[in-house]
There are 2 protein chains.
Amino acid sequence: MQDTKGVDAGLLQSRYRLTKQRAAILRALEDGRHLSAETILERVRAQLPGVSLGTIYRTLDILRSIGLVQIFSHAGAAAKYEAALEKHHHLVCTQCGEVTNVNVSEALTLSQTIAHEHGFDDVDCALVVTGRCARCADVPATASG
Amino acid sequence: MQDTKGVDAGLLQSRYRLTKQRAAILRALEDGRHLSAETILERVRAQLPGVSLGTIYRTLDILRSIGLVQIFSHAGAAAKYEAALEKHHHLVCTQCGEVTNVNVSEALTLSQTIAHEHGFDDVDCALVVTGRCARCADVPATASG
DNA sequence: CTCTCTGCAAAGCATTTGCACATTG
DNA sequence: CAATGTGCAAATGCTTTGCAGAGAG
């Protein structure tokens with residue numbers, strides 16, 4: 001492993017080794033957004049057939065601990081992972097489940113104010129906005145279940 | 001089942017039956033905040049020894065569907081349930097895990113603006129503010145793990 | 001009485017983990 | 001070479017579900 005561009009550098013700076021599995025996982029994360037561990041596994045296996053789910057989870061956990069990956073888990077569903085490019089929040093359609101990244105810089109400011117009032121420091125926040133997207137709103141009633 | 005005060009009324013108005021299990025679950029939810037299904041089971045069993053976890057989950061799901069219960073699930077941990085008294089958000093200490101309810105009315109306004117820009121309607125939002133609480137900040141370093 | 005609920009226990013998923021071998025630095 | 005990472009498969013934890021009997025309206 002010597003091909004170390006972009007994100008990979010983050011791993012190198014850490015105390016972790018840069019293996020081909022990790023590089024492939026990072027690449028998968030750079031390509032897509034809101035990927036489940038399962039999806040990441042599929043994409044990684046396209047390049048490295050032998051990779052296991054265990055490795056995906058272990059790596060994702062490391063990447064999160066060094067701040068390279070942002071996790072987003074929303075009631076019930078499997079967690080979604082994506083490269084921690086810049087702070088953003090999520091807009092989720094309650095009907096079709098599609099997730100969109102949105103910028104809501106005020107959310108953090110607001111959160112910090114609240115948190116400080118409660119004596120918290122080291123503040124961060126996650127805002128999940130739910131609703132029905134335009135496409136789903138068009139359909140009169142899915143009348144399912 | 002005829003003792004129908006407060007929250008119970010909500011169930012009666014719905015198409016669901018008010019059983020003693022459901023009443024006990026509602027009562028448990030009125031007492032505490034951020035209860036896990038397991039905790040609810042314990043509390044309910046104090047009054048009704050035979051109740052099963054399956055019933056807890058089934059009931060919780062019904063209560064959520066008719067808007068009487070608010071679920072809060074935060075990465076990794078088991079979901080937390082509480083009576084849907086009034087809209088509020090959560091402040092979570094990343095160190096000790098304690099959850100506090102906070103009022104952030106601006107969050108919804110903000111979310112609605114964003115959501116509408118994306119063509120969404122029927123908007124709601126959940127804000128999770130994380131940080132280190134005052135008590136944990138006092139301890140120099142937990143030096144754990 | 002009919003239809004809905006419940007307890008039980010097994011199933012289902014997402015995620016974690018122990019171990020022996022492969023790899024990295 | 002020593003330390004770390006990996007694949008495999010079993011284990012775990014939370015939640016869901018099928019079924020036959022119990023209870024609500």
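Here is the naming used below: chain letters follow the sequence lines, and residue numbers restart at 1 for every chain.
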May I ask you to list the residues of residues 37-49 of chain A, by number, that have any heavy atom positioned under 4.0 Å from an atom of DNA chain C?
none

Answer yes or no: is there a donor N or O on one side and an acceptor on the other, between the side chain of T94(A) and the main chain of G131(A), under 3.5 Å?
yes

Quick one: is dG7(D) close enough that its OP1 or OP2 comes under 4.0 Å of any side-chain N or O from S52(A)?
yes

To the nearest Å, give me how far apart CG (L18(B)) and P (dC5(C)) are.
11 Å

Any base atoms under 4.0 Å from G54(A), or only sugar-phosphate, or nothing? Heavy atoms, all strands.
base

Could you check how far CZ of F72(B) sits from P of dC14(D), rounded to whole Å?
16 Å

Indicate whether OP1 or OP2 belonging to dT15(D) is found under 4.0 Å from a side-chain N or O atom of Y57(B).
yes

Value in whole Å for how far the P atom of dT15(D) lies from CD1 of I62(B):
17 Å

Check the distance between dC14(D)'s C1' and Y81(B)'s OH and give it to me in whole angstrom.
9 Å

Presence of R22(B) side-chain N/O under 4.0 Å of dC5(C) phosphate oxygens OP1/OP2
yes

Between C125(A) and Q112(A), is a side-chain contact (heavy atoms from CB on, under 4.5 Å) present by the stated rule, with each step listed?
CA-CA 8 Å; C125(A) 73; Q112(A) 285 170 331; over 6 Å; no

To the nearest Å, how far apart are D61(A) CG and dT17(C) P?
9 Å

A side-chain contact here means heavy atoms from C-beta on lying under 4.5 Å apart; do R33(B) and T100(B) qualify?
no

Is the phosphate of dG7(D), meaning OP1 or OP2, less than 4.0 Å from a side-chain N or O of Q21(A)?
yes

With sequence neighbours excluded, residues passing side chain to side chain donor-acceptor pair (under 3.5 Å) with Q70(B):
none

I56(B) CD1 to dT15(D) C1', in whole Å, measures 13 Å

Minimum heavy-atom separation for A115(B) to L91(A), with atom names?
CB-CD1, 4.1 Å

More 5' along DNA chain C: A78(A) or R58(A), using each one's nearest nucleotide?
A78(A)

Whole angstroms only, please: what is the CZ-C1' distance between R17(B) and dA24(D)?
5 Å

Within the 4.5 Å heavy-atom criterion, are V129(A) and H89(A) side-chain neighbours or not?
no

Could you check which of dT17(C), dC3(C), dG7(C) has an atom nearest any side-chain atom of T55(B)?
dG7(C)

Is there a side-chain polar atom (N or O) of T19(B) under 4.0 Å from OP1 or OP2 of dG23(D)?
no

Between CZ of R64(A) and C1' of dT15(C) the distance, given in whole Å, is 12 Å

Can you pull out every ring-ring contact (aromatic ring centres under 6.0 Å, His included) where at least one residue sits in residues 91-118 of chain B? Sequence neighbours excluded, please.
none

